[in-house]
Amino acid sequence: NLNVINTLAHTLNNDELTEAINMLVTARGERQASNLLNMKNTLRPGDTIEFYVSKRRCYVRGTVEKTKTKKAIIVEEGTGMRWDVPMGMLKKC
């Protein structure tokens, strides 16, 4: 719960706060690695996915054309534009 983290941010001393931040960063990294591995193992051509494009400030929906080791070729719905997207940015619909 974010309220717990907010409370701890105001009550912990500097050393405890640094340790808490490191714990959260480590947990986030482990989750990202797990999600990436899961995506690499389950993503197949024809799957529908979404990914965020910061320049457009929106999510783009598309279809997987090809998977590679670290990236996938995505064909955007509506435009047919092809994107070479890192697996970690993809989210299955």
Side-chain angles (χ1 to χ4, degrees):
N1 191 335
L2 294 179
N3 291 331
V4 173
I5 294 172
N6 190 31
T7 301
L8 289 174
H10 292 92
T11 59
L12 297 176
N13 66 37
N14 286 342
D15 292 336
E16 293 170 333
L17 186 58
T18 300
E19 187 175 340
I21 290 170
N22 289 336
M23 289 168 48
L24 290 171
V25 168
T26 300
R28 180 176 181 236
E30 290 170 356
R31 286 184 186 186
Q32 285 179 330
S34 174
N35 291 343
L36 176 61
L37 185 59
N38 184 44
M39 184 63 70
K40 287 172 77 170
N41 290 332
T42 61
L43 196 64
R44 300 285 179 257
D47 288 348
T48 302
I49 56 85
E50 284 184 338
F51 61 97
Y52 187 75
V53 179
S54 58
K55 287 185 179 180
R56 292 186 187 179
R57 294 182 180 177
C58 66
Y59 283 90
V60 170
R61 181 175 280 222
T63 306
V64 177
E65 182 177 274
K66 178 182 176 181
T67 58
K68 302 188 288 184
T69 305
K70 294 184 179 183
K71 296 183 177 183
I73 305 294
I74 309 300
V75 178
E76 183 179 347
E77 286 181 357
T79 66
M81 185 173 172
R82 285 184 168 69
W83 297 80
D84 195 11
V85 184
M87 293 275 188
M89 291 179 61
L90 300 176
K91 177 182 168 185
K92 282 191 176 182
C93 298

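Just so it is clear, the values below take in all heavy atoms, side chains as well, and ignore hydrogens, waters and symmetry mates.
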(Q) Using modelled atom types and a 3.5 Å cut-off, is there a donor and acceptor pairing between side-chain atoms of Asn13 and backbone atoms of Glu16? (A) yes
Q.
On a heavy-atom basis, which atom in Glu65 and which in Val75 lie closest, and how many Å separate them?
A. OE1-CG2, 3.4 Å
(Q) For Glu30, is there any backbone N or O sitting under 3.5 Å from a side-chain donor or acceptor partner on Ser34? (A) no
Q. Do Val4 and Ile21 sit in the same hydrophobic cluster, where Ile, Leu, Val, Met, Phe, Trp and Tyr count as joined when their side-chain heavy atoms come under 4.5 Å apart?
A. yes
Q) Does the side chain of Trp83 reach to within under 4.5 Å of the side chain of Met81, using non-hydrogen atoms? A) yes
Q | Asp84 CG: over 12 foreign heavy atoms closer than 6.0 Å | A | yes
(Q) I need the Lys71 NZ to Lys66 NZ distance, nearest 0.5 Å. (A) 13.0 Å
Q.
Could you tell me if the side chain of Thr42 sits less than 4.5 Å from the side chain of Lys92, heavy atoms only?
A. yes
**Q.** 4.5 Å side-chain heavy-atom contact, Leu12 and Glu19
**A.** no
Q: Answer yes or no: is there a donor N or O on one side and an acceptor on the other, between the side chain of Asn6 and the main chain of Leu2, under 3.5 Å?
A: no
Q) Which atom names give the shortest non-hydrogen contact between Phe51 and Met89, and what distance separates them? A) CB-O, 3.5 Å
Q: Decide yes or no for Tyr52 and Arg57: does some side-chain heavy atom of the first lie under 4.5 Å from some side-chain heavy atom of the second?
A: yes
Q | Smallest separation among heavy atoms of Ala9 and Leu17, with atom names | A | CA-CD1, 4.1 Å
Q. If you measure from CG on Asn41 to CZ on Arg44, what distance do you get to the nearest 0.5 Å?
A. 7.5 Å
Q.
In the structure I gave you, are the side-chain heavy atoms of Leu90 and Ile74 within less than 4.5 Å of one another anywhere?
A. yes
(Q) Once rounded to the nearest 0.5 Å, what's the spacing between atom CG of Leu8 and atom NE2 of His10? (A) 11.0 Å
Q | Gap separating the CG atom of Asn38 from the CE atom of Met87, nearest 0.5 angstrom | A | 11.5 Å
Q) Does a side-chain heavy-atom distance below 4.5 Å link Val85 with Val60? A) no
Q: Compare all side-chain heavy atoms of Lys68 with those of Ile73 and state whether any distance is below 4.5 angstrom.
A: yes
Q. Got a second to check how far Met39's CE is from Thr67's OG1, nearest 0.5 Å?
A. 11.5 Å
(Q) Other residues, nucleotides and ligands only: do more than 12 of their heavy atoms fall within 6.0 Å of CZ on Arg28? (A) no
